[in-house]
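Right, one structure below, let's go through it.
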Amino acid sequence: MVNSEEIDIKQVWQVLATVSDPEIPVLPITDLGIVKAVFLEDGILHVQITPTYSGCPAGDVILFDVQAALMAAGFENAVVENVIFPAWTTDDITPVGKQLLENYGIAPPVNRYLSNIDLEKITVPCPRCKSNNTSLVSAFGSTACKALFKCNDCLEPFDYFKCH
Amino acid sequence: MFANDYNDSVNLLLFLADTNLIMSQRLAEWCGKGPTLELDIALTNIALDYLGQGRLFYQQAASEISGVTSEDSLAYFRDADQYLNLQLSELPNGHWGQTVLKVYLLAEWQQIVYSRLLALSDEQFLKKAASKAIKETKYHLQWSSQWMLRLSNGTDESFSKMQQAINHIWPYVHELKQVPSYAENVLSQLQLEEQFSKNVSATLDQTKLVLPAHFVFNAKGMYGIHTEQLSYILAEMQVIQRNHPNLTW
Ligand SMILES: [Zn+2]
């Protein structure tokens, strides 16, 4: 067990970077931007996590995974809290996170937070062949945070991470 | 006269929570039956958003009610006359066009209500929840209004089905323009009424849909008065918990 005097916040962030959203396993939660705060209060380690979507079924799993990862790293008494404000936005995804999404085959958000949610009017480059010749198939994909597009050049369907 | 044991704050939370939960439960009936796989998934995702929003409001309500109360006890152990959801939410899905219309009307309503809550101070729970929820509502609104236009301006059959849906649903729309007594210090009756009519007209004006002749039907789901439909929904939703209390997955 790590004593509270010895808690190194940087090390906590490193542990958090090993946890990912089970629906986007390639993306650490630290790059997804849902870790709101890590701090010590009266010697107790607090980690605040915010959900992406209010109904996201991965939300409870992530809180559990964070607690488990912290325990495994010796932070046994960490308090993992769910906070909803300020609300998470896709602007909170780090540049590294956006690159990881694209490498994984999910097109990252093309606009800033809710600046343009008309999915039929935006240009989303294909994550595979980079073509801009793509079109919307469905505003909701396999999860609420994604829409389904298809590439008219390489003909592959792909997920798009919606601005949120 | 409406009366229960809760204060205004709790009743407002239940009003928002119940409307979301019942919409969610209704939409979930489409799961596995959508017209196409994509639409099935879209509706399921929207239903999940409603459920998530409902849970936020239930959790807060539970924390404000004294005694042993949880989000689950509020959802599973209250009867129809204790539910404060808008009657619109409990109406059967009907055909695809009618479901789209329900989602559209609720999205317009939630957009206005949540926008209003955003004007509260940062410390207030309602503002925090609204700032989360309104982003989801914007997508519901965009998705449903596009379907409204597509069906209304589509074939003769799709138009006549949308007109049929309007005729059937419209009497329940009056309630969406009413602010319940327990929300009067947070929501403005005048603003809600004006804004809702204006926004809905902006969409309907792009169609040839005709609104039914004016008459006032005072739906009062917000005061616990419901159509018989709600009891059927609750029976199905609550049966497991009531037969096997505290059962978990
Ligand atoms: Zn391509």
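Protein chains get the first letters and strands the later ones, always in sequence-line order, with residue 1 at the start of each.
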Are any non-hydrogen side-chain atoms of B:Lys132 and A:Tyr53 less than 4.5 angstrom apart? no
Relative to chain B, which segment of A:Pro51 carries a heavy atom at a distance below 4.5 Å: side chain, backbone, both, or neither? both
Segment of B:Gln142 engaging chain A (4.5 angstrom heavy-atom cut-off): side chain
Any chance CZ of A:Phe64 has more than 12 other-residue heavy atoms, nucleotides or ligands included, within less than 6.0 Å? no
Scanning both residues in full, the closest heavy-atom pair of B:Asn45 with A:Thr143 reads OD1-C, 3.5 Å
Among A:Gly141, A:Ala147, A:Cys145, the residue with the most heavy-atom pairs under 4.5 Å to chain B is A:Gly141
List the atom of B:Ser131, the atom of A:Ala87, and the distance in Å for their closest heavy-atom pair. O-CB, 3.9 Å
Check this for me: B:Phe77, atom CZ, are more than 12 non-hydrogen atoms of other residues, nucleotides or ligands nearer than 6.0 Å? yes
Which heavy atom of B:Ala42 sits nearest a heavy atom of A:Phe140, and at what distance? CA-CB, 3.4 Å
Counting heavy-atom pairs under 4.5 Å with chain A, which one of B:Arg55, B:Glu38, B:Lys128 comes out on top? B:Lys128
Does B:Lys198 have more than 12 heavy atoms from other residues, nucleotides or ligands lying within 6.0 Å of its NZ? no
How many angstroms lie between atom CG of B:Asn20 and atom OG of A:Ser54, to the nearest 0.5 angstrom? 8.0 Å
Look at atom CD of B:Glu236 and say whether more than 12 heavy atoms of other residues, nucleotides or ligands are closer to it than 6.0 Å. no
Report the C-alpha separation of A:Cys163 and B:Tyr139 in whole Å, then their side-chain angles, then the decisive distance to 0.1 Å, and conclude whether the side chain to side chain contact (heavy atoms under 4.5 Å, CB included) test is met. CA-CA 10 Å; A:Cys163 298; B:Tyr139 276 102; 4.2 Å; yes
Measuring heavy-atom distances to chain A, does B:Leu56 have an atom under 4.5 Å in its side chain, in its backbone, in both, or in neither? side chain
Give a yes or no on this: more than 12 heavy atoms of other residues, nucleotides or ligands lie within 6.0 Å of atom NZ of A:Lys150. no
Out of curiosity, A:Asn82 CG to B:Gln59 CD, how far, rounded to the nearest 0.5 Å? 7.5 Å
What part of B:Ala129 lies closer than 4.5 angstrom to a heavy atom of chain A: side chain, backbone, both or neither? both
Does B:Lys161 NZ have over 12 foreign heavy atoms under 6.0 Å away? no
